[in-house]
Amino acid sequence: MNIEQMIYTSCKKGLGAGPGFQTQAMSPGMLLDQRTALEQLPPYRYPRRLPTHPTAIDVERYCPPNLQLTMLDNGYAAVTRSVYTGTDYSGRLGNFLAHSLVLPPDTDIWPIDLVDWTAWQDEVAEEPPQLPSLQTSELEVGHASCDFKSLSEFVRMRLDRCEQLAAMLDTLLVCREESRPLIVRDDGVRLASWVACLTKLLPRDMTPAFTFATFVNARLANVDIQCTTPDSDLVISSEERLHRAYIFDFVDQCFPQIDQRASGLGLALAIRLRDHPDWFPAFHRFAGKYRIEVDARHLRGLVDCFALCEANTIHSSDLSGHSGAAVRFAARVCDDSDEGRALMDTILERLAARVNRGRESPSSVLQSLGVLLTSGCLDRPIRERVHRMLVRFIHDDLGRGGGDWQELLSACDRIAGDGGLSWEDLEPLLLSPDALVPLATAPERNQYFVNDLVKFLTGCVGRNKPASVEGRLAFHETVWQLSDALGREAIVDPLLAMLAREAPGEFELLCGELLRDADESTNLSIGRNVANALDGPLAPRKDAVRQSFLRGGRQRALLAELQHRANEINNGMDCFSECLTSLQTLLGKRESLALLPCIASAWQQATPVTRANFAEYLFGHLEVVRNLDYTTAGEIAETLAATISLNPRDRSTAEQEKVIRELCATAGMGIPVRIVVRDFLQRALRRKFGTVAEVYDEWTSMVQQVDKDLGDQVVDQALLPLLALPCSPIEHSRILVWACDIAHFEVVVRRYCEVLESGEFARIPPDAAGAFAVLTLAPLPKDPELRQLSRCADQRLDAWLAALPKRTFELVQPYVKAYDAQIGRNKFLEWDDRRAQARRRRNSVFQSILRLVGLRTWP
Amino acid sequence: MNSITRLLAMLAPILHRYRRQICPYCFDVFEFPRSPFRCGNLSCRGRTHDSTLAAHWPTLAAGAQGQVIDASNAKRGQVLCGTCRQLSRDRICPTCHVTLPYTFGTCANAMVAIIGAKNAGKSHYMTTLVEEFRSHIGPAMDVTLSPQDDDTIRRFARDFYDPLYKERRALDVTASAMRDPSVSLPLVFCLQFGGRDLFGRRTIARTVTLVFYHAAGEDLDAEATMSTVNRYIYHSDGIILLVDPRQIQGVRGKLPKSAHGEDVSKDVRDILTRTTKLIRSGLRLGANRMIKKPLAVAISKFDEIEPFMGKDMTVLSSRSVGRDYDLEEAVAISDEIESLLLSWNQKELVHDLRSWFARVAFFGASSLGCTKNPDNSLPRLAPRRVEDPFLWLLYQLGLIKAKKRGGVRGEH
């Protein structure tokens, strides 16, 4: 195709409507759209520092020509050389001449090479010149200042140029997406070389290509590489440097801080230009076969692909760690053309060869192969080949035990993540016990290897979930076999623990699978794992997980959990009760019967302290307890009875008493003694006993023997009502003897004193009051305990007399008088004196009021 | 009456804020309260490439721009950036995303278009007009003219003021707006009128956002180009049409030949015809309606034709500088120039102007006050009467008052 040309300047006569800036001339094949686009190119602005009367040297220094590359529609490119021409036809300054060449898409010319083209127009002609269409051969330059050899020399000229060029290349690849042009500020003679370095190191036919301008006086829009001189008017402010452009200022030695995100591409290319300039022609021929995008990783892949394909000529270290980029590039271009598919085939061959020779780590290739498999653009034969390579690499890495597990896992993630053919085909092989079990049971394996294996299995299953039935079966079979080979603790426990963290769904499935035909120890092991999982990573949604277990028909796992918690009941009653409650709720009344063996087991293993708590818990779940065996139910009843309050007025324990009686009846056992005592106390407090003899008989018949502690409680509550019963001193004494029999004496003394000092004792019947008075006044008994009690009574007699109601006070006197013989003369006289004193005290208003309100004062 | 005027002036910012505004860059009409903001914090992490701005004004869109913030949360003319939590007061046009002048929406806007054929002296005229106004006319009339934004300051200094006033040389030829979009960017000034408040203290009585547009002459040579890059013409509030006397056949013969040969610019009537058509189609005026926009026709480079005119002409006299606009003098000058045009056989031009425009006045102005040397240097710089067309436009737009004298002619 022809190369068209056009001249734009300010002239008297041209193709425009009148004088002024217009297209002065163009070749006949120029299209209207192209002409319009060229007319809209930015004008050449000369620097203000140009003297008013410039010499040719001034113009050469201040106004270097601007060679600009612009991309037009349909793949055409325009190379425009703008030069400052001083005044225009009317004598006004500011004129320029822009001579443009429109290059067809497949022109085999580097635009920057045209800087040396000798047929550029530099002066404005009076009359529009005749511009012919050109052939490519007419653009060839004899000696190009921008060939690779010259550029290599240019880079070698200064030590830091290679590094700066690398930074500029990396910047160039990111500057477009950030809309920040790359601006090079250097001496005018070096600008074209910089542009040539930047553009000729990258593939020529990139889409979209990088545009450039070898001299700008102000920042332009939509030009990627802009060069300027120290004499230009371009203002480089800090804002400009930080936000608007990437400025490589070789004049002031000021360079931007670049994020080296281009994977070292810039440095690799710059070093090659410096050291091996003859590398580039072959590279560009290779790159010309494919569609290249402006992306650092893509370009890195291109370079590495080239290095891999030309491995005979390229140093092997070039590929170190970058074969993945080559594979990715091949995957990206393989559907574009036949060349792409051929490239893929070549890359696979070379990779396999390198791996076989040990020059490449399988794991480093693994991830890239995963990309190939998921790209969906491979032919079946290639796909199967890649597939086989991939599985072999994985197992090789597992076998070595020192592979990069994270990389393996992420590779598997990527393979399975995109779904499709790859993972379904892959997983039965990846998880096959035939491959993994021998690896795991090899004699040199240690625990670290097994841990890594567990991580690998978890990663495979947890992240990707087996996509096929075969994959899941393979996984379960592998776990079984590994468990048999290495022991359950080595494989199952850590695997379940990790699955619980990373893949609860698979955790449930595996638990269900492992419990199928499991023995007792396996059952307990699974129960322990389920419990740990529910107390650990799954704790926030414990109930949901249990529901999920039930929905999946994996009830056994929950029973195993309960059994485990039953075994551990002494370490955590709360966990057991929470689990039991949750399962009761989830299972319903009928299904809850399955829990009874666990409950009975828990009860049998519980310590007395735990049993107390457990019984208390079971008291709220009677529907469960009623279904337990008799022995357990009886034990529960006894435990419940041991904790029941003896206070018969405590209504809250009535239900408990009822339950205990029911359980005792169910178990066919007698009523617990505590309940009997409770009955006795109830009758005593409700004053159901008429005489002391009745009390004694009742106690003797109901209660055979009680411990002193229980007796203390009985005396504490029953002494006062029982002391209101006696009609004679002997009965009073008998009550005291009974109390001393069943309770600790200290408790009896304390309680007796309390009773005597209480207001209620002052209101006992007159007969009982008389019996107390006579017993107090009578000679001291021989029994030391009764003797001490009598002394206590004697000390409190005066106060008691003062507190008695009037009627009782009056009736006590004849009662005592009837026993004067037994009391003795002296004691009776003493009684009269004490009674007289008491009467005087009783007559005081203060005592009357106190007596009325039920208070006592002591003499 | 005076108090009412002051009250209206005080209310003007509020009234303007709620008026529909025209973007001086893309001429899209929008409701000012709904115009978004741009975060001005350079260290804001929300800065990103603004594709809308890049599509309209690529030269302004380099690098990351401040985040565009919706105006729905704006309070008292400012809004909080959601990313950096900084307040922003920079409004942008909702269509082209160019930052609007800071006085925009708070005062009246006056857009002035300067048009003319190639080499008519538009750039020189605009430069000297601004500088004369800032140096002499403004202080006399208690008016301040100042650039509004960085871009105006930079461009006015770089492209206009420095070459003409500092380097004392003629301005460069203006590139076509098709090739250099920055030519289409207006120069935005702030015109502030001084006054006194109710207590007699000095105050700013009124502020006007003044927007100057000027274009390369070749952009007025074709209708298609005009409708693409010269849309400002029909959006402007007033037009100054510069006529180079060398483009008039009757004058060209009397003048000495130019060092660079005779100009072959198009007839000024062609430009006028295209301008009229552009305004009519842009404003959708009916064929029978006259254009209400005031048009000041100024014969530029007047110093070149002064030798052929009578010395008692008002246009040659010194201007009368005072606080108020001298309308009588303007009318006299207009009559003189109109007579001159008629005497130069430009009857058709005058007739066309009177037929199409309801408000026309004629002036003579000399931007440089001298003829430039062949090497483009200037022997001296003495602008004369450059302010007359502009003051007449301000008067017609109601921005300045006329001096009260006996026998003032009403409508002109």
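Throughout, a chain's letter reflects where its sequence line sits, starting with A, and its residues are numbered from 1.
- Atoms NZ and CZ, on B:K118 and A:F21 in that order, are 6.0 Å from each other to the nearest 0.5 Å.
- Going from atom CG of B:D172 over to atom OG of A:S10 covers 11.0 Å, rounded to the nearest 0.5 Å.
- Contact residues of residues 66-73 of chain A toward chain B are absent (heavy-atom distance under 4.5 Å).
- Residues A:D88 and B:V173 come closest through the heavy atom pair OD2-CG2, 3.9 Å.
- The distance from atom CG of A:D233 to atom CZ of B:R154, rounded to the nearest 0.5 Å, is 12.0 Å.
- Chain B is approached within less than 4.5 Å, heavy atom to heavy atom, by A:E39, A:Q40, A:L41, A:P42, A:P43, A:R45, A:Y46, A:R48 from residues 39-51 of chain A, ordered by number.
- The minimum heavy-atom distance linking A:N222 with B:P58 is given by the pair ND2-CB, 3.9 Å.
- Between the CZ atom of A:R92 and the OG atom of B:S123 there is a distance of 6.0 Å, given to the nearest 0.5 Å.
- Remark: the backbone N or O of A:G91 is paired with a side-chain donor or acceptor of B:N376 at under 3.5 angstrom.
- Applying the salt bridge (charged side-chain N to carboxylate O under 4.0 Å, His left out) test to A:D122 and every residue at least two apart in sequence or in another chain returns A:R81.
- Between A:Y8 and B:S176 the shortest heavy-atom distance is OH-CB, 4.0 Å.
- For a residue to count as touching a neighbouring chain, one of its non-hydrogen atoms must lie under 4.5 Å from one of that chain's; by this rule A:L242 does not touch chain B.
- Considering only residues two or more places apart in sequence or on other chains, A:R185 meets the salt bridge (charged side-chain N to carboxylate O under 4.0 Å, His left out) condition with A:D249, A:D252.
- When atom types are taken as modelled, the side chain of A:H53 and the backbone of B:D375 share no donor-acceptor pair closer than 3.5 angstrom.
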